[in-house]
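Keep in mind that the numbers below use all heavy atoms, side chains included, and drop hydrogens, waters and symmetry copies.
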Amino acid sequence: MFELSDEQRLIQQTAREFAEREIWPEAARCDQEKCFPQEIAAKARELGLFNLTVPEEYGGPGLGALELALVTEQLAWGCVGLGGGISLNNLPADVLLVSGNADQKREYLGRLITSEYGSYAVTEPGAGSDVAGISTRAVRDGDGYLLNGSKVWISNAPLAGFFTVLAKTDPEAGYRGLSFFLVERDSPGLEVGNPLPKLGQNAVPAAEVFFNDVRVPREALLGNEGDGFKIAMQVFDRSRPMVAAFAVGLMQRCLDVSLAYARERKTMGQAIIHHQAIGHKLAEMEMRLQAARLMTYQAAWLLDAGKRNTLQAACAKAFAADAAMWVATETLQIFGGYGYSPEFPAEKLFRDAKVLQIYEGTSEIQRNIIARELGNR
């Protein structure tokens with residue numbers, strides 16, 4: 001029978017209490033002001049809610065993907081944007097854990113744990129889910145490389161002290177010609193644009209990053225030349241359960257506010273929860289929430305067990321993201337006209353949900369992966 005351990009329940013409870021106390025009260029303000037409050041992030045660091053999967057030998061808690069999913073779900077319940085700013089620091093850590101050597105891990109994981117943010121710089125104006133289609137170039141130059149190109153929608157870029165950058169080292173080799181690099185924020189020729197305006201998740205900043213003859217040393221290469229695509233795919237298997245947990249947390253918040261409103265709002269002489277049309281919406285929310293949560297936990301558990309989770313991670317990410325969008329839409333419907341007002345939480349949840357179907361691989365790409373995995377059985 002599936003059951004969390006006492007330690008996992010304690011971690012989950014700690015994250016929930018933090019979200020209730022620190023995140024939820026500031027969620028609407030941070031969305032409206034489009035700000036990521038460093039004072040809240042600092043408290044999350046003090047509690048050990050950053051970079052949970054970094055091994056103890058590098059200063060981290062040394063926890064697993066399931067614990068990360070548990071914490072991420074609760075932070076997203078508070079605010080998926082604000083929680084995302086915290087949890088997305090795991091992406092550059094995942095690149096290092098998958099491909100970094102001992103020296104790279106010691107320095108950069110240590111920086112992530114103590115005080116810094118990193119960014120995972122893959123998406124480009126002409127290449128998102130199609131990772132192999134990126135055009136940023138890394139050309140050998142003496143004992144290092146010169147990077148030229150641009151990235152877009154890079155989460156936490158305005159905060160980052162360094163970037164893990166995917167670039168083409170061999171344009172003729174297709175996806176086998178991609179490589180990852182560690183690039184310092186203060187590198188000459190590197191420019192981070194202003195935070196981009198977004199529909200939702202406004203608390204977590206995202207920006208363009210430009211590379212104009214940015215020199216990086218040979219030691220900045222992660223793994224070997226040509227390993228970039230393989231590294232990116234391994235990172236996706238690690239990150240997709242986390243993104244699915246974003247969706248689960250948002251769905252739980254949607255259900256919570258919908259239930260509270262449906263008990264309070266009256267039409268035709270009774271609370272609307274007693275109208276079958278509303279009751280069935282709430283029942284469907286609960287069904288999809290429970291399914292998404294279990295799929296997310298399974299994908300994370302498989303990773304912790306050292307088992308291949310590509311299929312399960314894609315299923316969890318696609319199902320949870322699509323379910324979150326449906327649940328957020330029905331939440332707004334339950335609130336009726338008030339759902340359209342920023343004075344109530346429904347419209348923010350609706351806006352926050354949409355990008356879950358897009359980043360870390362669109363829902364369409366997840367279905368391609370699922371079909372491929374089934375075909376390879």
Side-chain angles (χ1 to χ4, degrees), residues 91-92 94-101 103-105 108 118-155 157 160 162-185 187-193 207-240 308 310 313-314 358-362 364-373 375-376:
L91 285 175
D94 282 341
V95 179
L96 287 155
L97 291 171
V98 165
S99 62
N101 60 39
D103 290 338
Q104 290 168 334
K105 290 177 181 177
Y108 288 93
S119 274
Y120 182 64
V122 172
T123 301
E124 296 185 0
S129 297
D130 178 19
V131 174
I134 68 166
S135 59
T136 297
R137 288 289 313 277
V139 178
R140 287 193 190 187
D141 183 72
D143 59 352
Y145 298 83
L146 286 178
L147 267 63
N148 283 279
S150 66
K151 303 291 181 177
V152 72
W153 298 118
I154 305 306
S155 296
F162 70 90
F163 300 85
T164 53
V165 181
L166 187 63
K168 278 188 175 178
T169 44
D170 184 354
E172 306 302 319
Y175 69 88
R176 294 185 178 89
L178 302 175
S179 305
F180 260 106
F181 297 88
L182 288 161
V183 185
E184 297 287 349
R185 167 65 171 265
S187 300
L190 189 154
E191 179 185 353
V192 177
E208 294 177 282
V209 184
F210 304 94
F211 306 92
N212 183 19
D213 284 340
V214 176
R215 173 173 287 279
V216 294
R218 175 68 176 77
E219 296 75 29
L221 178 67
L222 285 156
N224 300 310
E225 276 195 24
D227 285 350
F229 186 82
K230 178 179 69 176
I231 293 168
M233 296 304 105
Q234 290 177 298
V235 169
F236 281 139
D237 287 347
R238 299 170 69 93
S239 66
R240 282 171 179 155
R308 194 168 186 269
T310 302
I358 297 171
Y359 60 24
E360 290 303 290
T362 64
E364 291 78 11
I365 286 291
Q366 303 311 312
R367 285 166 171 78
N368 287 350
I369 294 168
I370 294 164
R372 183 196 67 206
E373 291 293 307
N376 289 336

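- In this structure, the side chains of V131 and M233 come closer than 4.5 Å at one or more pairs of heavy atoms.
- Residues forming a ring-ring contact (aromatic ring centres under 6.0 Å, His included) with F162 (at least two apart in sequence, or on another chain): Y108.
- Side chain to side chain, E360 and S239 meet the donor-acceptor criterion of an N or O pair below 3.5 Å.
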Determine whether L96 and L182 satisfy the following criterion, side chain to side chain contact (heavy atoms under 4.5 Å, CB included), listing intermediate values before the conclusion. CA-CA 9 Å; L96 287 155; L182 288 161; 4.1 Å; yes
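- In this structure a side-chain-to-backbone donor-acceptor pair under 3.5 Å is missing from R367 to T362.
- For the 3.5 Å distance criterion, the side chains of E124 and T136 qualify, holding a donor opposite an acceptor.
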K151 vs I134, test: side chain to side chain contact (heavy atoms under 4.5 Å, CB included). Steps then yes/no. CA-CA 9 Å; K151 303 291 181 177; I134 68 166; 4.0 Å; yes
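- Partners of F163 according to the ring-ring contact (aromatic ring centres under 6.0 Å, His included) rule, which considers only residues two or more places apart in sequence or in another chain, do not exist here.
- Judged as a salt bridge (charged side-chain N to carboxylate O under 4.0 Å, His left out), not a single pair has a partner in residues 169-183 (not counting sequence neighbours).
- For N376, the CG atom sits in a packed shell: over 12 heavy atoms of surrounding residues, nucleotides or ligands are nearer than 6.0 Å.
- For K230, the NZ atom sits in a loose shell: 12 or fewer heavy atoms of surrounding residues, nucleotides or ligands are nearer than 6.0 Å.
- Relative ring orientation between Y175 and F229 is described as tilted, the plane-to-plane angle lying within the 30° to 60° band.
- Remark: the backbone N or O of I370 is not paired with any side-chain donor or acceptor of E373 at under 3.5 angstrom.
- Side-chain atoms of T164 come within 3.5 Å of backbone N or O of S119 as a donor-acceptor pair.
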Taking it one step at a time, do E208 and W153 satisfy side chain to side chain contact (heavy atoms under 4.5 Å, CB included)? CA-CA 6 Å; E208 294 177 282; W153 298 118; over 6 Å; no
